[in-house]
Engineer: 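Starting off with a structure, shown below.
When reading the values below, keep in mind they use all heavy atoms of this one structure, side chains included, and skip hydrogens, waters and symmetry mates. All of these numbers come straight from a predicted model, not from anything done at the bench.
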Amino acid sequence: PEDALARFDRGPQGYALVITDLTLPGMNGEAMLERMRLSNPNLRGIIASGYPYQPRAAWVTFLQKPFLPKMLAEAVEQALKGA
């Protein structure tokens, strides 16, 4: 997550959507997305996990693992429609 945050911070307005796992080393995907959103308030996120999860924010879409490519495409479309 630290590498992702560093790359994101070099150009936060260039991102419309970030896809991440819920479980990351050192922080969870939700915390990472919330930090990113401070630099880009229009950012949308997709969190994937094999664990049950309920997003706390309307701008986050949850994708249950395992998933098919079609399900990922639908989640991306749904997330970007909310943008």
Engineer: Contact between I19 and I47 at the side-chain level, heavy atoms closer than 4.5 Å - yes or no?
Structural biologist: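 Side-chain contact under 4.5 Å: no.
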Engineer: Mind checking whether L38 and L33 sit in one hydrophobic cluster, side chains of I, L, V, M, F, W, Y counted as touching below 4.5 Å?
Structural biologist: no
Engineer: Are any non-hydrogen side-chain atoms of Y53 and E30 less than 4.5 angstrom apart?
Structural biologist: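 A side-chain contact exists here, since the closest heavy-atom pair is under 4.5 Å.
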Engineer: Holding to side chain to side chain contact (heavy atoms under 4.5 Å, CB included), I want the full list of residues that pass it with D21, two or more places apart in sequence or in another chain.
Structural biologist: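 Result, side chain to side chain contact (heavy atoms under 4.5 Å, CB included) vs D21: T23, L24, K65.
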Engineer: List the steps and the verdict of side-chain contact (heavy atoms from CB on, under 4.5 Å) for R35 and M27.
Structural biologist: CA-CA 11 Å; R35 283 184 50 188; M27 78 175 63; 3.2 Å; yes
Engineer: Can you tell me how far CE of M71 sits from CG of L63, rounded to the nearest 0.5 angstrom?
Structural biologist: 6.0 Å
Engineer: Under 4.5 Å between any side-chain heavy atoms of R37 and W59, yes or no?
Structural biologist: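 Counting from C-beta outward, R37 and W59 do come under 4.5 Å.
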Engineer: For Q64 and G50, work out which heavy atoms get closest and say how close.
Structural biologist: NE2-O, 3.1 Å
Engineer: Any idea which heavy atoms bring N40 and P12 closest together, and the distance?
Structural biologist: ND2-O, 2.7 Å
Engineer: Under 4.5 Å between any side-chain heavy atoms of I46 and V60, yes or no?
Structural biologist: no
Engineer: Would a 4.5 Å heavy-atom cut-off, applied to side chains only, mark L72 and E77 as touching?
Structural biologist: no
Engineer: Do Q78 and E74 come within less than 4.5 Å of each other through their side chains, counting heavy atoms only?
Structural biologist: no
Engineer: With a 4.5 Å limit on heavy-atom distance, are the side chains of F62 and L22 in contact?
Structural biologist: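 Not touching, per the 4.5 Å side-chain cut-off.
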Engineer: Between L43 and V18, is any pair of side-chain heavy atoms under 4.5 Å apart?
Structural biologist: yes
